[in-house]
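Counting from 1, the numbers follow the sequence of the chain as shown. Atoms within a ligand are numbered from 1 in the order they appear, just like the ligands themselves. Fair warning: this is a prediction, and the values are worked out from it, not measured in the lab.
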Amino acid sequence: MDEQQLRLHGKVALVTGASRGIGRGIARRLGRDGALVAVHYATSAEGAHETVALIEKDGGRAFPVGAELSAHGAAERLFAELEAVLRERTGEGSLDILVNNAAVPGPYGDPQDVTEADFDACYEVNARAPFFLAQRALGVLREGGRIINISSGITRSAQPDKIAYAISKAAVDQLTLHLAKHLGPRGITVNSVAPGRVDNGGPMFSNPAAVERMAQMSVFGRVGQPADIADVVAFLASDDARWITGSFIDATGGTLL
Ligand code: NAP
């Protein structure tokens, strides 16, 4: 296909946490759809370079951008680097698509055992960082832009042993709701995509008994793959989804049914 016919041709996307797992799947898919993709990572520079190489192998364009998101000022630092690279590559610092995907999973255990430090460690990456990244993006997002927040099916079910993580993801859904109204006049849509169990390449997914247990949670009898989520994100990023905003898209493979 002619490059100019690709549905995200001319668009610039930032995908946080794209050094592996679902974020890598999203970055690859947006790259295949023609976007120039900023592949964000925190500790895995090697993983981010691998994602960039995979995108380039598919004929796409991408570059890595590193930032630890738990610290104050992280959004500013990330965008300063991002804009510098974009100005070099495109002549301007504008962005079209922000995918807030980076997150930490824990803490897991009895609600009584969650410490303030555990809670903060989860909340600062999963909830505070997406808010300040979105806030910082407002100045550079073009009309018709997209903010896609990766939530979790856990926000619609009760799992007391993951309460702190669930609270952090529920905050992401609130980010979606309120920003969607705020950004409507600029033609920018804001949506949440909620995965269920998705094989992110972590150790749990090489344990056949654990995979079988997780597979049974979905009505389709399998665990999700990063592409199952990436395809939904690609739809929301495209012009086909221009009339959808403020939505919570259940991408759990029917886990909540
Ligand atoms: P993952 O494989 O654990 O990867 C997490 C990504 O986030 C990595 O790229 C990591 O970067 C980045 N990250 C972690 N801590 C960070 C920090 N402090 N600062 C900046 N970046 C940080 O994740 P995943 O399982 O693919 O999940 C992706 C998204 O889907 C998350 O929002 C998660 O909550 C959501 N989700 C996942 C599942 C699932 O079953 N996998 C289910 C529901 C929702 P580095 O590797 O460079 O450190």
Peer 1: Given Gly224, Pro105, Ala251, Ala42, identify the one with the heavy atom nearest to atom 20 (C) of ligand 1.
Peer 2: Ala42
Peer 1: Under 4.0 Å from a heavy atom of Ile22: which atoms of ligand 1 are those, numbered in the order shown and with their elements?
Peer 2: 26 (O), 27 (O), 28 (C), 30 (O), 37 (C), 41 (N)
Peer 1: With a cut-off of 4.0 Å, which atoms of ligand 1 are near a heavy atom of Ala67?
Peer 2: 20 (C)
Peer 1: Hey, is Lys169 one of the residues with a heavy atom under 4.0 angstrom from ligand 1?
Peer 2: yes
Peer 1: Please identify which atoms of ligand 1 are closer than 4.0 Å to at least one heavy atom of Arg197.
Peer 2: 40 (O)
Peer 1: With heavy atoms under 4.0 Å as the rule, classify the contact between Ala48 and ligand 1 as side chain, backbone, both or neither.
Peer 2: neither
Peer 1: Pull out every atom of ligand 1 sitting under 4.0 Å from any heavy atom of Gly17, numbered as shown with elements.
Peer 2: 6 (C), 7 (O), 8 (C), 9 (O), 12 (C)
Peer 1: Is Glu76 salt-bridged to Arg136, going by a charged N under 4.0 Å from an acidic O?
Peer 2: yes
Peer 1: With side chains defined as the heavy atoms from C-beta onward, is the minimum distance between Val65 and Val39 less than 4.5 Å?
Peer 2: no
Peer 1: For Arg24 and ligand 1, answer yes if some heavy atom of the residue is under 4.0 Å from a ligand atom, otherwise no.
Peer 2: no
Peer 1: To which of Gly201, Pro195, Gly196, Gly47 does the heavy atom nearest atom 42 (C) of ligand 1 belong?
Peer 2: Gly196
Peer 1: Run the salt-bridge test on Arg24 and Glu50 with the 4.0 Å N-O cut-off and return the result as yes or no.
Peer 2: yes
Peer 1: Which bit of Ser151 is near ligand 1, meaning a heavy atom under 4.0 Å away: side chain, backbone, both or neither?
Peer 2: backbone
Peer 1: For Val104, counting its heavy atoms only, list the atoms of ligand 1 lying under 4.0 Å from any of them.
Peer 2: 15 (N)
Peer 1: Please compare Leu78, Val198, Thr16, Asp199 and report which has the shortest non-hydrogen distance to atom 39 (C) of ligand 1.
Peer 2: Val198
Peer 1: Is a side-chain donor-acceptor pair under 3.5 Å present for Asn149 with Ser192?
Peer 2: no
Peer 1: May I ask you to say whether Asp240 pairs ionically with Arg7, meaning some side-chain N is under 4.0 Å from a carboxylate O?
Peer 2: yes
Peer 1: Out of Thr16, Ile22, Ile26, which one pairs with Val99 under the side-chain contact (heavy atoms from CB on, under 4.5 Å) rule?
Peer 2: Ile26
Peer 1: Would you call Arg222 and Asp228 a salt bridge, taking side-chain N to carboxylate O under 4.0 Å as the test?
Peer 2: yes
Peer 1: Would you say the side chain of Leu236 lies within less than 4.5 Å of the side chain of Arg146, judging by non-hydrogen atoms?
Peer 2: no
